[in-house]
Amino acid sequence: MTTTGHRTLKQERAVRTRKQVLDTAAELFAERGYAGTSVVDIAERVGMTKGAVYFHFKNKEAMAVAVVEGNYQLWLDILKEVRAEGLDPRETILQLLDRTTEAFIGEPMVQAATRLQSERSLIGAPLPEPYVGWLKMLTDLFEEAGEAGQLKEGVSPRAAAHVVVASFYGVQHVSDVLHRRADLIDRWQELRAITLETVLPRA
Ligand code: LUB
């Protein structure tokens, strides 16, 4: 094998290992929170030495930042996937939030990032600013809905985005505290039926 080929394989392995470490950190942050998780816990669960973990991340703060950044990237990836389906703006918003609900239930990275953001004042590194990405994404989508005549008369896209971000956040939080998100699909269906159907009335 050539030296270059060898290096590429090594780099691929490093990328995979880094992802394993990050996924494990996400599981533990989601279960125990930031303060309740140590680098030793992460190393033990992923089956690596502490030194090997530190090769990929400078410290626990860096892992928290990477989990939260990974979570915001996931929302962009989901939006891209939904966009590729070429739905109208109303259906795009509903699909995006359906998939977001599923991610809150099935993705440790999402659960971890949400918990880390609520603990952000106790984390010794600045995390990306919460909510602003979602506010921007939904403001743009509600603007498109408005242009397509799908947004309720008199509702501004920015206001609709604020209402949806705040209520979606609230619904997932209450569901997490009371039922570890076991009822989140039902709670989202209610929010969808009561709020989304009002701002985006069916034609
Ligand atoms: C989302 C969380 C948890 C908003 O955008 C964010 O920062 C979010 C944590 O900060 O949910 C969901 C619409």
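When a ligand or atom number is given, it counts from 1 through the structure's own listing order.
The Pro130 neighbourhood of ligand 1 comprises atoms 7 (O), 10 (O), with distances under 4.0 Å to a heavy atom of that residue. Counting the atoms of ligand 1 from 1 in the order shown, those under 4.0 Å from a heavy atom of Gln117 are 9 (C), 10 (O).
At most 12 non-hydrogen atoms from other residues, nucleotides or ligands lie less than 6.0 angstrom from CZ of Arg180. Remark: Glu85 CD is packed, more than 12 non-hydrogen atoms of other residues, nucleotides or ligands lying under 6.0 Å away.
Closest to atom 5 (O) of ligand 1 by heavy atom, among Phe104, Trp75, Trp134, is Trp134.
Looking at ligand 1, you won't find any N or O of Tyr169 less than 3.5 Å from one of its N or O atoms.
Classification of Arg32 and Asp41 as a salt-bridged pair holds, one side-chain N sitting under 4.0 Å from a carboxylate O.
Between the side chains of Arg115 and Gln111, no donor-acceptor pair is found at a separation under 3.5 Å.
Scanning the protein for heavy atoms near atom 7 (O) of ligand 1, the closest one is Tyr72 OH, 2.6 Å.
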> Thr114 and Gln117: side-chain contact (heavy atoms from CB on, under 4.5 Å), yes or no, with the steps?
Replying inline: CA-CA 5 Å; Thr114 303; Gln117 283 288 28; 6.0 Å; no
